[in-house]
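Here's the structure, in structure tokens; my notes come after.
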Amino acid sequence: MTATRADLVPTTSPASGRGRPTRWSPAELLPPVLALVLGTVLLLPGHGLWFDELFTAEVGRRPLGEILSAIRDGEGVTSYLAGVPPSYNAPYYVVVHAWMSVPGLGGDTSLRVLSLLATAGGLALVTRAVARLGGTATGVLAGLVLAASPLLLQQSVEARSYGLTVLATGATALGLVRWLQEPPRGLVLFGLAGAGMGLGHWYAVTVLAAFVVAAAVLRGRRALPVVLVGAAAALPACLLVGLNLLNGTGARNAEHLRDTDGRMLGYAVEAWAGGRTPLLWLAVGLAVVGAVRGGGGRGRDLRVLGLTWTCVPLLLLVGAELLRPVYHPRYLLAGLLGLGVLAAAGALAVPRPARAPLAGLLVACALLSSSPLAEREPRERADDLVRTLADVQVAGEPVVAADQRSAIGLDHYVRVLAPRLRADLVLPPDDAPADADRVWLVRRLIDGVPEPTDDDEILLEAGLQLVEERAFRGTQTRLVLQRWEAGG
């Protein structure tokens with residue numbers, strides 16, 4: 001059979017007509033591999049879990065029915081977590097439960113590995129999406145910059161929902177790009193992954209809105225299917241927020257949010273770059289170039305996607321800040337991925353002789369900005385405290401958790417490291433016993449002072465005195481182990 005002209009045309013995007021490759025390149029493996037390597041370096045010290053991660057482990061090990069009931073009713077899963085229900089990021093805990101149900105995957109490290117694998121998968125999808133719009137080099141560079149960026153790298157190795165949110169964001173971006181190039185292909189992926197973004201973290205709905213805006217700008221009235229699917233994809237997250245409002249947990253994390261007084265953009269970029277580092281100035285400068293010239297004369301799709309991905313979430317949150325504080329660096333992670341995409345596009349939009357040096361400098365600055373993470377101290381040392389307790393406590397001597405944070409660390413690491421302590425463990429709301437000659441009291445320090453507790457008065461009235469204190473300082477939580485004994 002004689003080949004037609006169409007048979008001889010390379011595989012490109014038929015809808016865009018821009019000659020961008022739609023076939024996968026092995027070079028696109030570099031970003032997820034880099035993320036896995038850097039994440040493994042951060043995991044090697046084996047630091048113990050801290051409060052948020054301990055909460056993940058505590059909820060995930062519960063029966064599925066118990067988790068769903070706690071989500072529905074806005075109740076905690078243990079006595080000392082009564083005021084901390086797993087309602088926010090609820091789907092994440094269901095995923096964690098499934099992950100922990102697999103034999104051999106119930107340990108602390110495996111929870112962090114889940115986040116790392118999800119992050120690497122998300123970067124692979126972002127790389128593929130950008131490569132389809134701007135070429136393989138741009139996609140790979142964007143993925144490498146993101147893989148080495150401090151904010152993403154830090155969140156990629158914590159047992160929280162941000163890794164899965166990155167995975168869903170990458171899949172949503174790829175779905176949109178497929179639709180832009182070959183409609184209606186990609187629309188289902190866009191909708192399902194977009195719903196996953198909001199369920200992973202509801203701030204990510206702002207990125208879903210950015211993708212819908214990008215489609216509308218690029219395709220006008222033809223973007224109506226994306227608008228409708230995007231609205232449907234946002235609905236599950238809206239229902240989840242509504243559930244939290246109904247069960248009384250709607251503002252539970254409000255105390256962690258900051259009012260930036262209109263400076264959210266600067267704070268967000270600074271957080272993404274790990275502080276006021278060379279990466280910040282270089283990335284912002286190249287992002288401006290990328291927004292103007294990224295992808296060359298035929299790269300309008302890439303420029304619009306990168307610009308809306310970066311700006312729309314920030315603008316929406318700046319508007320929301322007029323009503324109440326909304327800023328927390330990690331909450332903005334999904335939107336800040338767009339900054340790395342724009343910066344990569346800008347690095348490859350300069351004159352050809354400068355492209356490789358600028359690209360190398362951008363990746364190098366990202367790696368240098370992330371290098372302090374390799375020497376980070378543990379956020380919390382409940383594991384070390386329990387090991388010490390196991391060495392010094394004598395069976396029958398009560399071990400009392402004075403507050404919520406002390407309780408969750410003790411409960412988890414007694415189960416994991418020292419099961420023999422279980423019989424003597426006293427967790428809130430129970431108080432220290434008044435009939436013991438020696439009591440071990442674990443409590444949290446706030447500004448160097450133990451958090452107030454009824455246990456002090458109980459022990460003093462029982463004739464016990466504080467005779468020894470050992471501090472276990474983490475960068476997030478400072479714990480202290482106190483030994484109280486009857487006075488002589």
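For the numbers below, each heavy atom of this structure counts, side chains included, while hydrogens, waters and symmetry mates do not. Bear in mind that the values here come from a model prediction, so they are computed numbers and not experimental data.
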Taking NZ, NE, NH1 and NH2 as the nitrogens, is one of them in [X] or [Y] under 4.0 Å from a carboxylate oxygen of the other?
X	Y	value
Arg330	Glu158	no
Arg160	Glu53	no
Arg387	Asp391	no

Take a 6.0 Å sphere around [atom1] of [X] and say whether it holds more than 12 heavy atoms from other residues, nucleotides or ligands.
X	atom1	result
Arg478	CZ	no
Arg376	CZ	yes
Glu377	CD	no

With distance as the sole test, does [X] use its side chain to make a donor-acceptor pair with the main-chain N or O of [Y] at under 3.5 Å?
X	Y	answer
Ser370	Leu367	no
Tyr203	Val326	yes
Trp99	Ser110	yes
Gln155	Leu333	no
Asp383	Leu49	no
Arg303	Gly294	yes
Ser115	Gly163	no
Ser149	Leu146	yes

### Message
Side chains of Ser156 and Thr119 only: does a donor on one sit below 3.5 Å from an acceptor on the other?
### Response
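On atom types as modelled, these side chains do not qualify, holding no pair under 3.5 Å.
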Student check: side-chain heavy atoms of [X] and [Y] closer than 4.5 Å:
X	Y	result
Glu380	Phe472	no
Val207	Met197	yes
Leu389	Tyr413	no
Thr169	Trp309	yes

### Task
Heavy atoms only: give me the nearest Ala159-Thr56 pair and the separation to one decimal.
O-OG1, 2.8 Å
### Nearest heavy atoms of Gly39 and Leu153, plus distance in Å
N-CD1, 4.1 Å
### Residue pair Arg470, Val392: steps toward the side-chain contact (heavy atoms from CB on, under 4.5 Å) verdict
CA-CA 12 Å; Arg470 304 188 191 188; Val392 300; 3.8 Å; yes
### Ring geometry between Phe211 and Phe190 (parallel below 30°, tilted from 30 to 60°, perpendicular above 60°)
tilted
### Query
Where does the angle between the aromatic ring planes of Tyr331 and His201 fall among parallel (under 30°), tilted (30 to 60°) and perpendicular (over 60°)?
tilted
### Audit row: Glu58, Thr78, side-chain hydrogen bond (donor to acceptor under 3.5 Å, both in side chains) steps and yes/no
CA-CA 9 Å; Glu58 183 62 33; Thr78 69; 5.3 Å; no
### Message
Are Tyr93 and Phe55 an aromatic pair, judged by ring center distance below 6.0 Å?
### Response
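Yes.
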### Geometric cation-pi criterion, Arg405 with Phe51: 6.0 Å, 45°
yes
